[in-house]
Amino acid sequence: TNAALAGVRPTWRLKPRAPQPALFTASGRRLPASFSLADVGVPSYRQALVLIEGGAWHWPPVRVGFERPLHSFIHSGSGGIRLRTLALRPRIFEVKSFIEESECDRMLEKAGPHVRKSAVVVKDGDHGKDVD
């Protein structure tokens, strides 16, 4: 197990169906249990242990305009994938270079004949209003 987790593991009780504790890189990649942050090249001055109980990992928004490169994911475009914080509450991110134009064109080509307008559920006060 991760040495960082081993030191705190005896002090907590897992809730039923809770995921097992794990270490993640700053870009959200889960490390195998046998790895430490140092094993994957994270320098000691950049290491931190954040415990999240009963939740899911979310990239911290930091501040509006903050950009985070996601190096551990497949690169798309020349600059790789980047998250830019648009709002803190609710957390809203712009995902830059998520998909290349050629990939998007191919998906539209394959899916095009199957794409349909989604059903819209409206509130009582909105009946009769244009949904487009």
Side-chain angles (χ1 to χ4, degrees):
T1 63
N2 303 104
L5 291 174
V8 294
R9 181 169 288 142
T11 64
W12 75 59
R13 291 187 188 104
L14 286 178
K15 294 182 179 177
R17 298 182 317 226
Q20 288 295 312
L23 287 181
F24 293 83
T25 65
S27 58
R29 188 178 194 182
R30 185 181 181 137
L31 297 179
S34 61
F35 281 57
S36 70
L37 292 173
D39 292 335
V40 294
V42 178
S44 60
Y45 66 88
R46 302 261 342 242
Q47 295 179 14
L49 180 62
V50 178
L51 297 176
I52 302 171
E53 183 180 357
W57 168 257
H58 295 270
W59 282 286
V62 182
R63 68 181 176 284
V64 172
F66 180 79
E67 288 198 20
R68 175 183 312 281
L70 302 180
H71 298 297
S72 64
F73 291 87
I74 297 171
H75 288 267
S76 184
S78 59
I81 298 174
R82 302 182 71 77
L83 287 181
R84 185 167 68 98
T85 303
L86 300 179
L88 300 177
R89 289 182 189 238
R91 291 179 190 185
I92 301 174
F93 297 99
E94 172 188 20
V95 182
K96 294 182 174 186
S97 299
F98 177 70
I99 187 170
E100 292 193 29
E101 192 171 338
S102 61
E103 295 170 313
C104 184
D105 290 343
R106 179 69 175 151
M107 286 193 330
L108 290 172
E109 175 188 319
K110 296 298 281 181
H114 309 286
V115 174
R116 303 281 181 267
K117 208 173 202 179
S118 67
V120 177
V121 177
V122 295
K123 296 178 182 177
D124 289 341
D126 293 331
H127 280 283
K129 292 182 181 177
D130 189 13
V131 293
D132 290 333

J.: Can you see which heavy atom on P60 is nearest to which on R68, and at what distance?
T.: O-NH2, 3.2 Å

J.: Please write out which residues are connected to I92 in a hydrophobic cluster, directly or through intermediates, given that two of Ile, Leu, Val, Met, Phe, Trp, Tyr count as joined at side-chain heavy-atom separations below 4.5 angstrom.
T.: L86

J.: Which value, rounded to the nearest 0.5 Å, describes the distance between L83 atom CG and E94 atom CD?
T.: 9.5 Å

J.: List the atom of P113, the atom of R116, and the distance in Å for their closest heavy-atom pair.
T.: O-NH1, 3.1 Å

J.: Hydrophobic clusters join Ile, Leu, Val, Met, Phe, Trp and Tyr when side-chain heavy atoms are under 4.5 Å apart, directly or via other members; which others share one with V62?
T.: F66

J.: Looking only at heavy atoms, which two atoms of P61 and R91 are closest? And how far apart?
T.: CD-NE, 3.9 Å

J.: Applying salt bridge (Lys or Arg N to Asp or Glu O under 4.0 Å), name anything that partners E109, two or more places apart in sequence or on another chain.
T.: R106

J.: Indicate the atoms forming the closest heavy-atom contact of R84 with G65, along with that distance.
T.: CG-O, 4.0 Å

J.: Which pair of non-hydrogen atoms, one from R63 and one from L88, has the smallest distance, and what is that distance?
T.: CA-CD2, 3.8 Å

